[in-house]
Amino acid sequence: MTHKTKVAVLISGRGSNMEALVVAAKAADCPFEIALVLANKPDAGGLATAAAEGIEALCVDQKPFGKDREAHERALDAALRERGIQVIALAGYMRILTPFLVDAWEGRMLNIHPSLLPAYPGLDTHARAIAAGEAEAGCTVHLVTAGVDEGPILGQARVPILPGDDEHALAARVLEQEHKLYAATLATFVTERL
Ligand code: GRF
């Protein structure tokens, strides 16, 4: 395959989903490459993981921008465009986006969320699903739109909630599926929908 879609992964933390995408992208027939890993905080653990994989790992620290989230996003956007990035994959990017970045990348920005959306958007999804007595949990890859965790769903994976599960046990079971789902859904997206 000669032309692989250039994907940037945006992270804020450990970056295990990012790592799963990097591993998937190594396959010769994978239709995307991870061209950049971008963090909003210098202590995001995933930056070192990406660098060790030989991928450009860049931090555009949000701190100097203070409360001006759009100014920070304009700096992110410039870094993405300078590198010819075609698709953004949010993977544990823990900052709510302004309309600036959402509009600039409309139809080309994906997110992964650890629940079966539209159920349990936002934080603490696993604890809330257990407290509600749900029998099932899972994860969702969706396009990013203005509402948090609200865009069109591209793919989902389901896992059971087992007796005795706490949020950590459930999060680990879901995370395993996240890693498979994100790579598979991103591959289908860049092949069929871009
Ligand atoms: C994942 O559960 C993801 O779904 C959520 O934040 C977590 C990030 O984990 N948005 P990691 O940084 O990919 O390991």
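Order of appearance sets the numbers: ligands from 1, and atoms from 1 within every ligand.
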among protein heavy atoms, the one nearest atom 6 (O) of ligand 1 is Gly92 CA, 3.7 Å
Residues Ala24 and Ala183: closest non-hydrogen pair is CB-CB, 3.5 Å
**Request:** Please indicate whether Arg193 has more than 12 foreign heavy atoms, meaning atoms of other residues, nucleotides or ligands, lying under 6.0 Å from its CZ.
**Result:** no
Ser16, any N or O under 3.5 Å of ligand 1 N or O: yes
Ligand 1 to Gly15, heavy atom cutoff 4.0 Å, flagged ligand atoms 11 (P), 12 (O), 13 (O), 14 (O)
- request: Work out whether the distance between some heavy atom of Ile112 and some atom of ligand 1 is less than 4.0 Å.
  value: yes
TODO: Count the heavy atoms of every other residue, nucleotide or ligand shown that sit under 6.0 Å from CD of Glu106, and state whether that count exceeds 12.
DONE: no
One finds that the ligand 1 atoms under 4.0 Å from a non-hydrogen atom of Glu178 are 1 (C), 2 (O), 3 (C), 4 (O)
Close side-chain approach of Leu175 and Pro114, heavy atoms under 4.5 Å: no
Looking only at protein heavy atoms, what sits closest to atom 9 (O) of ligand 1 is Arg14 NH2, 3.2 Å
Could you tell me whether Lys26 and Glu53 make a salt bridge, using a distance below 4.0 angstrom between a side-chain N and a carboxylate O?
-> yes
In ligand 1, the atoms that come under 4.0 Å of a heavy atom of Pro114 are 2 (O), 4 (O), 5 (C)
Only residue of Arg69, Glu73, Glu70 satisfying side chain to side chain donor-acceptor pair (under 3.5 Å) with Thr98 is Glu73
